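One-based numbering, in listed order, for ligands and for the atoms of each. Just so it is clear, the model here is predicted, and its values are computed rather than measured.
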Amino acid sequence: LGVVEEGGGKIAVNASEGRLALGLDIGGSSVKTALLDLDGASRPETINTDLFHLDQSREPGLVVDELARITDKLRAEYGPVHSIGVGLPGMFDESSGTPTLLPNFPLSWRGYPFRQSVEEKLGQRICLVNDAKAFSVAESVVGSAAGLGMVVCIVLGTGVGGGVVQGGKIWKGLGSAGELGHLTVELDGPPCGCGNNGCVESFAGSAAIASFGGKASVQEVFTAAAMGDVAAQASVDRAIKALGAGLANVFITLAPDTFVVGGGVAGAGDQLIGPLEAEIRRRVHVAPGTDIRVVPGSLGRHAGAIGAALMGADQQPERP
Ligand SMILES: [Zn+2]
């Protein structure tokens with residue numbers, strides 16, 4: 001395809017061998033990577049995953065340098081990559097590629113020309129994606145909901161994110177579709193960071209579960225609940241009730257093929273998945289209970305990077 005001028009550097013773009021899709025998922029303490037081969041098999045094949053620890057300051061310039069170092073290392077090993085998707089744990093302006101809200105990162109990220117800086121350093125266009133949306137696409141295309149038509153994913157961490165995926169594509173609506181953490185489940189409930197009251201996140205975010213359960217972390221709450229701690233179990237029940245109410249409303253609206261649960265809190269497994277499915281079924285009376293299915297994600301900690309790679313590959317032709 002010739003040579004593309006970008007960011008001062010020249011990159012050869014070769015259609016016959018440029019079928020590798022790279023995903024870079026920026027988390028609180030590390031960058032996880034996934035390299036996918038989009039040729040050959042009908043399903044994308046993950047050929048490499050890795051994890052790189054981030055400098056503790058997590059200043060945006062240092063993170064950009066780290067992304068460039070990682071990408072160069074992978075290019076040296078596997079050759080040119082056709083597309084790059086970068087997952088961010090928060091919100092950003094789509095047109096400028098500038099972060100607007102990254103709750104667990106330094107304030108210096110806000111307004112930082114992130115996409116432009118990364119593209120200049122890498123000498124290649126990138127696609128910026130939200131990490132929960134990336135998880136959702138990965139689990140819907142190659143994970144536990146692979147091949148299903150409509151999938152609703154919920155990602156339980158410090159915040160509660162989500163994504164609606166139809167036919168392997170994220171449903172954006174006007175842009176903000178799928179922010180399931182901010183469904184109202186208690187009319188005059190506790191205030192949420194978003195400005196509303198009674199959001200799912202105020203009950204089912206990891207900080208909410210930990211503090212209501214009287215423990216330092218959400219893992220301690222689930223461990224204590226499993227051993228019969230009444231206060232811990234009450235916090236787990238409260239989170240499941242809020243999630244169940246929110247997802248019941250989503251089921252009534254969309255009737256998706258399945259819900260997929262991911263994120264740190266999802267590590268609770270059986271303490272969460274079965275009771276959550278039961279809670280949604282208890283509230284939905286417009287469809288047979290067997291229509292309602294909740295499954296854990298199957299791709300583990302690299303789901304976000306795999307999804308970023310898939311979304312990057314998808315978006316590639318749309319940007320000139
Ligand atoms: Zn909210």
Side-chain angles (χ1 to χ4, degrees), residues 26-28 87-94 98-107 109-111 128-137 151-165 170-213 215 217-218 221-222 234-254 256 259-268 272 275-276 279-280 283-284 294 297 304:
I26 302 172
L88 276 180
M91 298 186 354
F92 54 88
D93 181 80
E94 286 263 3
T98 302
T100 51
L101 184 65
L102 293 183
N104 300 306
F105 276 67
L107 280 175
W109 279 78
R110 185 177 290 202
L128 266 193
V129 303
N130 168 267
D131 60 351
K133 301 286 183 288
F135 168 89
S136 303
V137 169
V151 181
V152 174
C153 299
I154 189 147
V155 185
L156 305 171
T158 313
V160 176
V164 177
V165 182
I170 201 84
W171 176 267
K172 287 185 177 177
L174 291 174
S176 62
E179 292 297 334
L180 304 180
H182 303 287
L183 292 164
T184 301
V185 289
E186 188 177 317
L187 299 183
D188 299 301
C192 176
C194 77
N196 182 33
N197 289 77
C199 290
V200 165
E201 188 171 296
S202 314
F203 300 89
S206 55
I209 296 174
S211 78
F212 195 78
K215 302 282 183 249
S217 73
V218 66
V221 171
F222 277 99
S235 183
V236 171
D237 291 345
R238 180 175 175 263
I240 288 169
K241 207 167 181 181
L243 276 170
L247 296 184
N249 290 338
V250 171
F251 185 87
I252 288 168
T253 311
L254 297 173
F259 292 101
V260 180
V261 183
V265 179
L272 179 72
L276 176 58
E279 180 64 17
I280 304 170
R283 289 189 181 273
V284 174
V294 180

Cut-off 3.5 Å, no hydrogens considered: what does the side-chain donor-acceptor table look like for residues 172-194, sequence neighbours left out?
from, atom 1, to, atom 2, distance (Å)
E179, OE2, K133, NZ, 3.2
T184, OG1, N196, ND2, 2.9

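For V155, the side-chain contact (heavy atoms from CB on, under 4.5 Å) partners are A132, F135, not counting sequence neighbours. Evaluation of the side chain to side chain donor-acceptor pair (under 3.5 Å) rule for T158 yields no partner, not counting sequence neighbours.
Atom CZ of R238 has more than 12 heavy atoms from other residues, nucleotides or ligands within 6.0 Å.
Counting only distances under 2.8 Å, and ignoring water, the protein N, O or S atoms around the Zn ion (ligand 1) are H182 ND1, C192 SG, C194 SG, C199 SG.
Looking at T253, its side chain does come within 3.5 Å of a backbone N or O of N249 through a donor-acceptor pair.
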Working note: L243 + L156, criterion side chain to side chain contact (heavy atoms under 4.5 Å, CB included); need CA distance, chi angles, decisive distance, verdict.
CA-CA 10 Å; L243 276 170; L156 305 171; 3.8 Å; yes

